[in-house]
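The structure under discussion appears below in the form of structure tokens.
The first residue in the sequence is number 1, and the count goes up from there. No hydrogens, no waters, no symmetry mates; every other heavy atom, side chains included, goes into these values. Quick caveat: nothing in here was measured; it's all calculated off a predicted structure.
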Amino acid sequence: MSRFFTSGPVTCIEDLRVLAERRVPRMFYDYADSGSYSEGTYRANEDDFSQIKLRQRVAVDMTNRTLASTMVGQPVSMPVALAPTGLTGMQHADGEILAARAAAKAGVPFTLSTMSICSIEDVAENSDAPFWFQLYVMRDRDFIDRLIDRAKAAQCSALVLTLDLQILGQRHKDVKNGLSTPPRMTIPNIVNLATKPRWCLNMLRTERRTFRNIVGHAQGVGDLRSLSSWTAEQFDPRLNWDDVKRIRDRWGGKLILKGILDPEDAEMAAQSGAEALIVSNHGGRQLDGAISSIAALPEIVRTVGDRIEVLMDGGIRSGQDVIKALALGAHGVFIGRAFLYGLGAGGEAGVTQCLDIIRKELDVTMAMCGLRDVRQVDERILAGKPALANRPF
């Protein structure tokens with residue numbers, strides 16, 4: 001599996017990150033690996049996991065272990081899903097298709113972003129397994145309705161409605177890099193692209209280089225210039241819980257609400273009729289200074305965990321992070337940057353390696369904590385109450 005790597009064996013997600021940084025053009029690597037403003041919340045998402053300590057158990061039977069579970073009623077080989085990430089197809093050509101294939105082979109869900117490079121139809125035509133679709137709410141509600149209908153037609157098995165992107169948090173690196181897709185041919189971009197020949201060659205082989213869920217589908221969006229102005233104007237700050245109900249009714253299937261960080265919002269989510277919520281701060285890319293997802297998780301589980309399935313994302317970089325989230329009450333987790341690093345490092349094989357790393361770390365850690373079934377993981381495996389620096393007062 002590691003044959004496509006050139007700098008020694010890959011042993012962890014950090015190795016994939018280093019390779020992705022070498023192989024992906026600067027603006028797209030920075031897009032994935034950055035947060036808003038000071039990036040304090042982005043860093044806290046990772047750092048707060050290190051404050052959680054595990055209980056090691058010995059002289060227990062560690063044979064016949066299983067990581068099999070469910071997420072939103074769907075059987076999964078481990079309680080991990082690929083999160084919706086924008087511009088995935090700019091980390092590697094046809095990135096969404098490749099990630100969906102890797103997820104299907106691994107037996108975990110893949111979630112396609114509204115702001116993907118490959119369209120809903122592209123992924124459906126090139127992957128055998130059903131996938132989930134993530135929806136942003138735009139001002140153009142007719143376009144949103146058509147997106148929902150397209151997801152239905154593609155037989156997406158769940159809709160992930162993102163609630164925390166009504167307005168955009170500024171990511172300084174994107175502004176400085178002049179982020180665009182495809183990249184503008186400025187002198188700095190040309191110089192940087194010249195150092196990424198493998199990425200450039202793969203991109204020349206595909207026609208998927210823009211937001212294909214939008215171009216040709218949204219009224220008045222037929223080229224990159226109109227797309228740029230459309231996206232800047234379309235995220236809807238008026239989004240409210242009535243909109244959630246309307247979308248739930250039109251969709252008619254399993255609904256997951258993403259972007260919950262406060263117990264009061266979790267209560268509203270539980271009352272909405274959705275099957276699940278995702279504790280998330282958008283990877284630290286929105287409100288800088290918000291608490292980490294793992295710090296927010298326990299109180300949300302206490303508030304609504306008996307009425308709605310609680311999932312989480314943010315900062316997951318290892319199988320140990322997965323088991324810590326499960327111990328604090330998450331039913332499952334989403335990984336975003338971790339699989340993007342794999343994709344940027346080695347395409348579909350890199351995503352597969354990312355999932356293999358997390359699976360092995362989760363399995364071994366669970367065994368050393370004295371358990372054989374991931375569904376039995378709870379706070380008993382924790383060594384005392386975690387002293388999360390980012391915990392709310």
State whether a side-chain donor-acceptor pair under 3.5 Å links W241 with Q271.
->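 Note: W241 and Q271 side chains miss the donor-acceptor criterion.
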Note, [X] side chain near [Y] side chain (heavy atom, < 4.5 Å):
X	Y	answer
Q134	M115	no
L382	L328	yes
T111	L82	no

State, to 0.1 Å, how close E309 and G73 come at their nearest heavy-atom pair, and which atoms those are.
->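 For E309 and G73, the tightest heavy-atom pair comes out as OE1-N, 4.4 Å.
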Taking every non-hydrogen atom, the tightest pair across T85 and G336 |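 Closest approach of T85 to G336, heavy atoms only: CG2-CA, 4.0 Å.
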Taking the six-membered ring for Trp and the single ring otherwise, decide whether the centroids of F211 and W230 are under 6.0 Å apart.
->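 Not close enough - the centres of the two rings lie 6.0 Å or further apart.
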I'd like to know if [X] pairs up with [Y] as an ion pair, taking the criterion as any Lys NZ or Arg NE/NH1/NH2 lying under 4.0 Å from an Asp or Glu carboxylate oxygen.
X	Y	value
R43	D288	no
D249	K245	yes
K105	E348	yes

Within 45° of the ring axis of F110 and under 6.0 Å from its six-membered ring centre, is that where the NZ or CZ of R101 lies?
->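 No, R101 does not sit over the ring of F110.
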Considering the options Q286, E39, K176, which one meets the side chain to side chain contact (heavy atoms under 4.5 Å, CB included) requirement together with R171?
->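 One option only clears the test, and that one is Q286.
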Counting only heavy atoms not in M62, do more than 12 sit closer than 6.0 Å to its CE atom?
->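 More than 12 within 6.0 Å, yes.
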Flag yes if more than 12 heavy atoms outside R146 fall under 6.0 Å of its CZ atom; otherwise flag no.
->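 Yes.
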So R248 and E275, salt bridge (charged side-chain N to carboxylate O under 4.0 Å, His left out) or not? Walk me through it.
-> CA-CA 10 Å; R248 183 199 68 197; E275 278 72 22; over 6 Å; no
Scan for side-chain hydrogen bond (donor to acceptor under 3.5 Å, both in side chains) pairs involving residues 250-264, sequence neighbours excluded, and state none if there are none.
->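 Passing the test, one end in residues 250-264: D149-R250.
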